[in-house]
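Before any comments, here is the structure.
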Amino acid sequence: MRCVAVGPTTAKVMLVGEAPGAVEEQTGVPFTGGAGKILDAALRSAGLRRSSLYITNIMQVRPEGNDFKKFYIKGAPSPELQDGIARLRKEILKVKPNVVVALGNEPLKAIVGLEGITKWRGSVLRCGLEGWEFKVIPAYHPAAVMRNWKWFPILVLDLKKVVREQ
Ligand code: URA
C-alpha cells in the first residue's frame, strides 16, 4: 500500500521522513512502526501533539531492502525519487507550514540541498519555495536514534526548538 501523509493541512509544523518501512507499507500511515514509537515518545517529551502535525515522507513506497539508496542511480536521484521530491514540494506549498522538520539526511538534502545531519541538526534554516518562506529544522531520524540511544535527548532538544519556532 502507498503510505500517504497524515495530519491537518492547516498544521504549523510539518514532519518529513524518508520512506515507509514494512509496517507503514501495511498501515499506509507514516511512522507507525518501530521508528514511529520513538518519534511518538520524543514528540511527547518535547510537548508536541502528534495529531496537530502534518506528517509525510519523501517517498510513498518502500525501497527494496529498506535501503533508501535504491532510489539513486549512480549517485543521482532516480526519476522516482525526483517525483517524490516534487510531490513533497507541492505538499509544502499546500500546507504552508511555518516549520518543516527534516528527519535525517535525505529530507535535509531534498528540501534544503545540504548534507550532514550531525552538522546541521538543531539549526534553524530559512527556506523559500515559490514565495512561501518557512524554517527548516533538521533533526536526527528516529530510526537512527533506535540504533544510537544517546541521540534520543538530542532529538527531544531539537523538537523543543520546533515548539519555540513554530
Ligand atoms: N521511516 C521513515 O522515514 N518514515 C516512515 O514513515 C517510517 C520509517
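When a ligand or atom number is given, it counts from 1 through the structure's own listing order. Residues take their numbers from the sequence shown, with the count starting at 1. Heavy-atom basis, side chains included; hydrogens, waters and symmetry copies ignored.
- Looking at Glu24 against ligand 1, only its side chain comes within 4.0 Å, counting heavy atoms.
- More than 12 heavy atoms of other residues, nucleotides or ligands lie within 6.0 Å of CD in Glu165, so this atom counts as buried by the packing criterion.
- Atom 4 (N) of ligand 1 has Asn57 OD1, 2.8 Å as its closest protein atom, hydrogens excluded (heavy atom only).
- Against a heavy-atom cut-off of under 4.0 Å, Gly17 is close to the following atoms of ligand 1: 3 (O).
- Atom NZ of Lys160 has 12 or fewer neighbouring heavy atoms from other residues, nucleotides or ligands inside a 6.0 Å radius.
- Under the 4.5 Å side-chain heavy-atom criterion for ILVMFWY residues, a single connected hydrophobic cluster contains both Trp120 and Val145.
- Under a 4.0 Å criterion applied to the non-hydrogen atoms of His141, ligand 1 contributes the atoms 1 (N), 2 (C), 3 (O).
- Residue Pro30 approaches ligand 1 through these ligand atoms, each under 4.0 Å from one of its heavy atoms: 6 (O).
- Glu24 contributes a side-chain N or O that, together with a main-chain N or O of Gly33, makes up a donor-acceptor pair within less than 3.5 Å.
- The line from CG of Leu159 to CZ of Arg164 is 11.0 Å long, rounded to the nearest 0.5 Å.
- Side-chain atoms of Glu25 do not come within 3.5 Å of backbone N or O of Pro20 as any donor-acceptor pair.
- The atoms of ligand 1 that sit less than 4.0 Å from any heavy atom of Ala19 are 1 (N), 2 (C), 3 (O), 4 (N), 5 (C), 7 (C), 8 (C).
- Among the atoms of Phe31, some N or O lies under 3.5 angstrom from an N or O of ligand 1.
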